[in-house]
J.: 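One structure coming up, written as structure tokens, with questions to follow.
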Amino acid sequence: MSKGFFISCAIDYPNANLHMGHLYEKTIADVIARVHRLNGEKVLFTVGSDEHGEKVEKAAHDAGYSPQQYVDNMAMLFRRLFDQSLISYDRFIRTTEKSHVTAAQVFFQSLFDAGDIYPDLYEGWYCVSDETFWTEKDLVEKNGAKLCPNPHCGKPVERVKEESYFFKWSNFQKPLEEWYDHVPANVFPEFRKKEMEQFMKDGLHDISFSRKSLQWGIQVPFNSEHTIYVWGDALVNYLTVCGYPEKYADFWPADIHVVGHDINRFHSLLWPAMLMSAKIPLPKQVLVHGFVNDERGEKMSKSKGNVVDPLLILEKFGIEPIRYYLLREAPLGNDLAFSEKNLIERNNSELADGLGNLVYRVLSMLEKYCNGVIPDIQPDGQILGQASLSAQESYRSYLSHDIQGALVHAWKIVSLGNKSIADSEPWKKMKDGKRDEVEVLLVTEVELLRQLSILIQPVLPTTSDSICAQFGFSTPTFSQLSTTPPSSPRAVKKGSVLFVKRELPAVETK
Ligand code: MSP
């Protein structure tokens, strides 16, 4: 039996509430998971929370909770947000789960047994916010303070001097280079792959892989004074969800790890080296998305007060316009400048006036001219031919991670549908007694909507369900794109309006 399709998201730190950037990542992965389900594949799609480490321990302490109470509460909030956002995850993994603790320890032991873990003294810098070790030369100096060099962090680093177990990352320089040479899209998009190749050129250095001063973590299996470095614990979640250390080949190797570019290095250089040491096959692809910034393109941060709270946006617009906007606005891989104005514009023109209006017009005309029954007549082959080309383009775009392109092509069908109605002026034709021509038009429109119900399903699942229910289409699969079902006269059921138009925010005056 062939292996199932496994797509994972980064597991989020529960030290603060999730923001739009987190939701963006989960939505991208959700769409890809749905695409593969529509292709008839068995899919495992995972999200979760990365609950150990100094950062989470501090956040719990500051909030006046024990770390366990704190992460229990945060994990519940994360799940709630994902559930409200139509993230169709199959498994929410928490790194404090017993199954994961066992997996992380067995994995650590296997690196040790392979001779790739050794004790030494770590002396250097640590960024708690990033949970990353840095050398002196990496740091940014500002007004005498030493800061984390990650442009998305920039927080002050701590001096650390303690005994530590190291992982021999340097051992894997050559095998990693070979992997990069032989597997074209192991890191996607290409410019993110180049960044990793550049990083490797400076040489990989062994990395501190345990903390002696930190209690809130998973114990090193053979030394209870140490906890496993939080990344050495967190990355193993991808194996835990597949059943490691027991039977895990039903879904492993992972097909896609979806991550932001700030943690690309951990996924595209450290994780594969760890897997090589453990003699476990490598993931097929790390898919690196861009960042959601504020509308000026500036990094969101609490201090600037420009962080977008997904819960507020959800309440205001509902989830589907947000999903559509996030994926339609920028190509995957590029950063996105989050703008409510652009969201409203897309909602009003592409969703409400475009798709929503098309559905409404077709249903209204079926009711008015055909007693609410789809007529039994041959559709217009020429229009369907055009639509079919766009449908195939849209499908191909989905498969190559071009979700924006998939939507652009699907919306060509929306425009074709609206334009065909405007051009043929069915209301005049009815007056002129050309009922047959109107029926051909309507049957053609119904077929366009059937194709659209399939193509929009990954991004707008609720809308797709609603269209299917109103027109009596069967549950979408991609295989139905290339076959038009035989005409079956059936009654339609007009539902409520699909998208509500929104007021644009008032323009600020100086
Ligand atoms: N816990 C680690 C990941 C461990 S995976 C084995 C972590 N957590 S995080 O909460 O900081 O980030 C989770 C994901 O959200 C990462 O992929 C990160 O890149 C992404 N994002 C965080 N801020 C983001 C934006 N502003 N925009 C888009 N994605 C962003 O890193």
Side-chain angles (χ1 to χ4, degrees), residues 7-30 46-57 59 71 74-75 77-78 81-82 87 92-96 100 103-104 107 127-132 148 150-155 192 217-218 228-241 254 256-272 274-275 283 286-302 304 306-310 313 326-327 329-330 332-338:
I7 180 164
S8 70
C9 279
I11 51 173
D12 304 307
Y13 286 130
N15 65 305
N17 289 339
L18 296 180
H19 54 72
M20 215 57 208
H22 294 105
L23 184 57
Y24 179 55
E25 171 174 293
K26 301 337 171 220
T27 308
I28 291 170
D30 179 65
T46 64
V47 295
S49 55
D50 183 359
E51 304 189 342
H52 293 122
E54 198 170 335
K55 173 153 88 165
V56 174
E57 191 184 49
V71 295
M74 293 303 279
L77 296 178
F78 285 10
L81 174 66
F82 298 156
I87 306 299
F92 185 101
I93 164 96
R94 301 181 54 189
T95 53
T96 49
H100 176 72
F107 191 88
C127 173
V128 177
S129 177
D130 255 8
E131 300 283 11
T132 306
C148 172
N150 174 355
H152 292 285
C153 178
K155 303 235 166 68
R192 294 294 178 200
I218 298 177
I228 299 174
Y229 172 43
V230 65
W231 277 99
D233 147 2
L235 287 161
V236 178
N237 93 83
Y238 302 130
L239 285 173
T240 311
V241 295
I256 307 179
H257 290 316
V258 180
V259 299
H261 58 74
D262 57 330
I263 58 169
N264 186 15
R265 201 193 306 165
F266 290 104
H267 284 80
S268 300
L269 291 174
L270 179 59
W271 179 226
M274 289 162 62
L275 289 164
V286 177
L287 193 164
V288 188
H289 60 78
F291 259 49
V292 178
N293 296 321
D294 77 1
E295 62 186 329
R296 286 189 216 89
E298 286 175 23
K299 181 190 153 198
M300 290 186 190
S301 75
K302 276 195 199 139
K304 281 194 214 155
N306 61 354
V307 175
V308 178
D309 180 348
I313 300 286
L326 290 175
L327 297 162
E329 185 76 353
L332 203 155
N334 288 24
D335 287 352
L336 182 151
F338 186 88

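For ligands, and for the atoms within them, numbers begin at 1 and follow the listed sequence. Here, residue 1 is the first one in the sequence, and each next residue gets the next number.
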J.: Measure the distance from atom 31 (O) of ligand 1 to every protein heavy atom, then report the residue, atom name and distance (to 0.1 Å) of the closest one.
T.: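 For this ligand atom, the closest protein heavy atom is I263 CG2, 3.5 Å.
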
J.: CZ/F82 to OG1/T27 distance, rounded to the nearest 0.5 angstrom?
T.: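 The OG1 atom of T27 is 9.0 Å from CZ of F82, to the nearest 0.5 Å.
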
J.: Any side-chain heavy-atom pair from L270 and L235 closer than 4.5 angstrom?
T.: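 Contact flag for L270/L235 side chains = yes.
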
J.: Any nitrogen or oxygen of Y13, side chain or backbone, less than 3.5 Å from one on ligand 1?
T.: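 Right, the criterion is met.
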
J.: Does some side-chain heavy atom of F266 sit less than 4.5 Å from a side-chain heavy atom of T132?
T.: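 Side chain of T132 against side chain of F266, heavy atoms only: contact under 4.5 Å found.
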
J.: Could you pull out the closest heavy-atom pair between I87 and V47, with the gap in Å?
T.: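 Heavy atoms only, the tightest pair is CG2-CG1, 4.5 Å.
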
J.: Please confirm whether M20 approaches ligand 1 to less than 4.0 Å, judged on its heavy atoms.
T.: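 Not so, M20 does not reach ligand 1.
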
J.: For A234, counting its heavy atoms only, list the atoms of ligand 1 lying under 4.0 Å from any of them.
T.: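 Listed by number with element, the hits are 6 (C).
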
J.: Say whether G260, considering both its backbone and side-chain N or O atoms, lies within less than 3.5 Å of an N or O atom on ligand 1.
T.: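 Yes, since at least one N or O of G260 sits under 3.5 Å from an N or O of ligand 1.
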
J.: Could you tell me whether some N/O pair between H261 and ligand 1 is separated by less than 3.5 angstrom?
T.: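 It does not: no N or O of H261 is found under 3.5 Å from an N or O of ligand 1.
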
J.: Going by heavy atoms in the side chains, are I7 and V258 under 4.5 Å from each other?
T.: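 In short, these two side chains touch, coming nearer than 4.5 Å.
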
J.: So, is L235 polar-close to ligand 1, with some N/O to N/O distance under 3.5 Å?
T.: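 N/O-N/O distance under 3.5 Å: no.
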
J.: Any side-chain heavy atom of K155 sitting closer than 4.5 Å to one from N150?
T.: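 Counting from C-beta outward, K155 and N150 never come under 4.5 Å.
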
J.: Looking only at distances, can you tell me whether any N or O atom of H22, backbone or side chain, sits closer than 3.5 Å to an N or O atom of ligand 1?
T.: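 Yes.
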
J.: Could you say whether the N/O atoms of H267 and ligand 1 ever approach to under 3.5 Å?
T.: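 Not met; the criterion fails.
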
J.: Where is the nearest protein heavy atom to atom 29 (N) of ligand 1: which residue, which atom, and how far?
T.: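 Answer for atom 29 (N) of ligand 1: H289 CE1, 3.2 Å.
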
J.: Tell me: protein heavy atom nearest atom 27 (N) of ligand 1, and distance?
T.: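 Nearest protein contact, heavy atoms only, for atom 27 (N) of ligand 1 is V292 N, 2.8 Å.
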
J.: Starting from atom 13 (C) of ligand 1, find the nearest protein heavy-atom neighbour and note its residue, name and distance.
T.: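 Scanning the protein heavy atoms, the shortest distance from atom 13 (C) of ligand 1 goes to D12 OD1, 3.0 Å.
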
J.: Below the 3.5 angstrom mark, is there an N/O of E25, backbone or side chain, next to an N/O of ligand 1?
T.: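 So ligand 1 has an N or O lying under 3.5 Å from an N or O of E25.
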
J.: Quick check on E131 - does any of its heavy atoms sit under 4.0 Å from an atom of ligand 1?
T.: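 Not so, E131 does not reach ligand 1.
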
J.: Does ligand 1 have an atom under 4.0 Å from some heavy atom of W231?
T.: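 Distance cut 4.0 Å: W231 passes for ligand 1.
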
J.: Between Y24 and H289, how do the two ring planes meet: parallel, tilted or perpendicular, split at 30° and 60°?
T.: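 Because their plane-to-plane angle is over 60°, the rings of Y24 and H289 count as perpendicular.
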
J.: Nearest protein heavy atom to atom 6 (C) of ligand 1, by residue and atom, and its distance?
T.: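 Protein heavy atom with the smallest distance to atom 6 (C) of ligand 1: Y238 OH, 3.5 Å.
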
J.: How far is atom 23 (N) of ligand 1 from its nearest protein heavy atom, and which residue and atom name does that atom have?
T.: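 For atom 23 (N) of ligand 1, the nearest protein heavy atom is H19 CE1, 3.2 Å.
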
J.: Spell out, as yes or no, whether a donor-acceptor pair under 3.5 Å connects the side chain of E51 to the backbone of P14.
T.: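 The answer is no, because no donor-acceptor pair under 3.5 Å joins these two groups.
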
J.: For W271 and V236, which heavy atoms make the closest approach, and how far apart are they?
T.: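 Shortest heavy-atom separation between W271 and V236 comes out as CH2-CA, 3.9 Å.
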
J.: What protein heavy atom sits nearest atom 3 (C) of ligand 1, and how far off is it?
T.: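 Minimum-distance protein heavy atom for atom 3 (C) of ligand 1 reads I11 O, 3.2 Å.
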
J.: Are H267 and Y238 an aromatic pair by the rule of ring centers under 6.0 Å?
T.: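 Ring centroids of H267 and Y238 are less than 6.0 Å from each other.
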
J.: Which option out of F291, F78, F266, W271 puts a heavy atom nearest to atom 25 (C) of ligand 1?
T.: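 Shortest heavy-atom distance from atom 25 (C) of ligand 1: F291.
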
J.: Could you tell me whether G290 and ligand 1 have an N or O pair separated by under 3.5 Å?
T.: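 No.
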
J.: Would you say L326 and M20 make side-chain contact, with heavy atoms under 4.5 Å?
T.: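 Of all side-chain heavy-atom pairs linking M20 with L326, at least one is under 4.5 Å.
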
J.: Name the residue from H22, H261, H19 that meets the ring-ring contact (aromatic ring centres under 6.0 Å, His included) definition with F291.
T.: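 Only one option passes, and that is H261.
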
J.: Short list, please: which atoms of ligand 1 are under 4.0 Å from a heavy atom of D50?
T.: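 Listed by number with element, the hits are 1 (N), 2 (C), 4 (C).
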
J.: Could you check atom 19 (O) of ligand 1 against the protein and tell me its nearest heavy-atom contact, residue, atom and distance included?
T.: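 Atom 19 (O) of ligand 1 sits closest to the protein heavy atom D262 OD1, 2.5 Å.
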
J.: Between atom CZ of R265 and atom CZ of R192, what is the distance when rounded to the nearest 0.5 Å?
T.: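 Separation between the atoms: 12.5 Å.
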
J.: Does ligand 1 have a heavy atom under 4.0 Å from the side chain of K299, from its backbone, from both, or from neither?
T.: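 Answer for K299: neither.
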
J.: For E25 and C9, indicate whether the former's side chain and the latter's backbone hold a donor-acceptor pair under 3.5 Å.
T.: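 Not at all, since once roles are kept as given, no pair shorter than 3.5 Å links the two residues.
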
